[in-house]
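Hydrogens, waters and symmetry mates are skipped; everything else that's a heavy atom, side chains included, is used.
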Number of protein chains: 2
Amino acid sequence: MVTKQFSGSPDEADLTRADSLAREIFSDIANKWALLIIEALGERTLRFSELRNEIEGISHKMLTQNLRMLERNGLVQRTVHPTVPPRVEYTLTEPGQALRVTIDGMCDWTHRYLGHIEASRHHFDS
Amino acid sequence: MVTKQFSGSPDEADLTRADSLAREIFSDIANKWALLIIEALGERTLRFSELRNEIEGISHKMLTQNLRMLERNGLVQRTVHPTVPPRVEYTLTEPGQALRVTIDGMCDWTHRYLGHIEASRHHFDS
DNA sequence: CCGTATCCGCGTTGATACTG
DNA sequence: CAGTATCAACGCGGATACGG
């Protein structure tokens, strides 16, 4: 569980530390741009500018910021080719790939229930 | 794919409409609080105040706001018992349950790679 | 081409108070 | 207890400029 920060079990100190860390990581990952970046990368290796083109509507800043965060958490690997002009490529690590699978599930879900959701919205908005 | 808003295939009009809708839904769902609410609900039925206690750090406003959004998209069913004081219960619909399964995957992932991530962070921060 | 820094507006968020 | 509204403030996120 990631929802509760304090669990009343023995070894409480370690458990709460692990829980709050899990929560922190979850908060990092569970945002629109991060998930879209992971999904866009998939099994490919993409350059910064390619990612920017793939992900509709993301700004330069948000892309950099989220890529740094994902790199820090070890989800993406960043490799700089010392050429001119510079060429920077991003690819998912093994943990990143593992997470991508679950995100694929979210995407599938979205498409499967598109109709349900649209109907529910119309019903709600009246 | 949710990342690309425009696909160059035939029936482009419908496809882009579906894609932008998918993207819109994805943007709704893919935020910290919404995912935590879905995860907290699980297979249970919880009252507003119980949810508030379950989810560490969520504010009254964010909870209401996200619950409305989830209800609008048909992920959560809201039932009001006309008692006094009022009793409002929330439970996941079938689409909500389906999504929860994938979110469970994210939580599992978080715990499985906790060590990897912590190590990666230490390495990065130096 | 890629990255960082700065600035600033606007949206999100929390606090508070009030209604049913 | 649950929901809505209002308001102020903080921080996100976009634009821009400059550096490597």
Side-chain angles (χ1 to χ4, degrees), chain A residues 3 5 23-24 26-38 40-41 44-73 75-92 124-126, chain B residues 3 5 23-37 40-41 44-73 75-92 124-126:
Chain A
T3 52
Q5 185 166 352
R23 177 64 172 272
E24 192 186 324
F26 194 84
S27 297
D28 267 11
I29 307 296
N31 83 73
K32 186 171 104 168
W33 295 129
L35 296 185
L36 285 175
I37 288 171
I38 294 172
L41 274 176
R44 302 178 289 175
T45 294
L46 293 180
R47 306 181 58 174
F48 183 88
S49 47
E50 291 171 333
L51 271 171
R52 187 138 164 57
N53 292 332
E54 284 291 323
I55 303 172
E56 187 71 25
I58 195 170
S59 69
H60 189 111
K61 187 180 180 177
M62 285 301 97
L63 183 54
T64 318
Q65 207 164 284
N66 279 279
L67 281 173
R68 287 294 160 279
M69 180 272 289
L70 291 173
E71 185 191 1
R72 185 172 111 92
N73 287 319
L75 300 197
V76 304
Q77 184 177 12
R78 175 172 177 268
T79 58
V80 182
H81 296 81
T83 61
V84 46
R87 178 185 189 87
V88 183
E89 294 182 328
Y90 295 91
T91 182
L92 289 180
F124 186 92
D125 295 342
S126 54
Chain B
T3 52
Q5 187 167 350
R23 177 64 171 273
E24 193 187 325
I25 293 167
F26 194 84
S27 298
D28 267 12
I29 307 297
N31 84 73
K32 185 170 104 168
W33 295 130
L35 296 185
L36 284 174
I37 289 172
L41 274 175
R44 302 179 290 177
T45 293
L46 292 180
R47 304 181 58 174
F48 183 88
S49 48
E50 290 171 334
L51 270 171
R52 187 140 164 53
N53 292 333
E54 285 290 324
I55 304 173
E56 187 70 26
I58 196 170
S59 69
H60 188 113
K61 189 180 180 178
M62 283 301 97
L63 184 53
T64 319
Q65 208 164 286
N66 279 277
L67 280 173
R68 287 294 162 279
M69 181 273 288
L70 292 173
E71 186 191 0
R72 185 172 112 93
N73 288 319
L75 301 196
V76 166
Q77 184 175 13
R78 175 173 178 266
T79 58
V80 183
H81 297 80
T83 61
V84 46
R87 179 184 188 86
V88 183
E89 295 182 329
Y90 295 91
T91 183
L92 289 180
F124 186 92
D125 296 343
S126 53

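Scanning for side chain to side chain donor-acceptor pair (under 3.5 Å) contacts around B:R52 gives an empty result, with sequence neighbours left out. B:H81 is linked by a ring pair (Phe, Tyr, Trp, His ring centres under 6.0 Å) to nothing, counting only residues two or more places apart in sequence or in another chain. Residues passing the side-chain contact (heavy atoms from CB on, under 4.5 Å) test with B:N31 are B:W33, B:A34, B:N66, B:M69, sequence neighbours excluded. Taking A:R78 as the reference, A:Y90 meet the side chain to side chain donor-acceptor pair (under 3.5 Å) condition, with sequence neighbours excluded. Remark: A:R68 pairs with no residue by the side chain to side chain donor-acceptor pair (under 3.5 Å) rule, at least two apart or across chains. Scored by the side-chain contact (heavy atoms from CB on, under 4.5 Å) test, A:S49 finds A:R47 as partners (sequence neighbours excluded).
Look at CG on B:N31: it is 13 Å from C1' on C:dT13, rounded to the nearest Å. A:R87 places its CZ atom 8 Å from the P atom of C:dC2, with the value rounded to the nearest Å. Atom pair A:L51:CG and C:dC1:P shows a separation of 14 Å (rounding to whole Å applied). Rounded to whole angstrom, the span from the OH atom of A:Y90 across to the P atom of C:dC2 amounts to 8 Å.
For the pair B:D125 and A:R72, the salt-bridge criterion is met [side-chain N within less than 4.0 Å of a carboxylate O].
Scanning DNA chain D 5' to 3' for nucleotides with an atom closer than 4.0 angstrom to a non-hydrogen atom of chain A gives a first and last hit of D:dG13 to D:dG20.
Within a heavy-atom distance below 4.0 Å of DNA chain D, the residues of residues 63-72 of chain B found are B:T64, B:R68.
The only member of A:L67, A:L75, A:L92 that meets side chain to side chain contact (heavy atoms under 4.5 Å, CB included) when paired with A:I37 is A:L67.
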Under 4.0 Å protein heavy-atom contacts per nucleotide of nucleotides 15-20 of chain C, with B for base, S for backbone only and - for none: -----B

Could you give the side-chain donor-acceptor pairs of residues 82-89 of chain A under 3.5 Å, partners two or more places apart or in another chain?
unit_1	atom_1	unit_2	atom_2	d
A:T83	OG1	A:P85	O	2.9
A:R87	NE	A:E89	OE2	3.3

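An angle of 40°, rounded to 10°, separates the two end axes of the helix from C:dC1-D:dG20 to C:dG20-D:dC1, each defined over five pairs.
Nucleotides of DNA chain D nearest to B:S49 and A:G57 differ in position, and the one nearer the 5' end is that of B:S49.
Across all strands, B:R47 comes closer than 4.0 Å only to sugar-phosphate atoms, never to a base (heavy-atom distances).
Residues in residues 47-70 of chain B take part in these ring pair (Phe, Tyr, Trp, His ring centres under 6.0 Å) pairs, two or more places apart or across chains: B:F48-B:H60.
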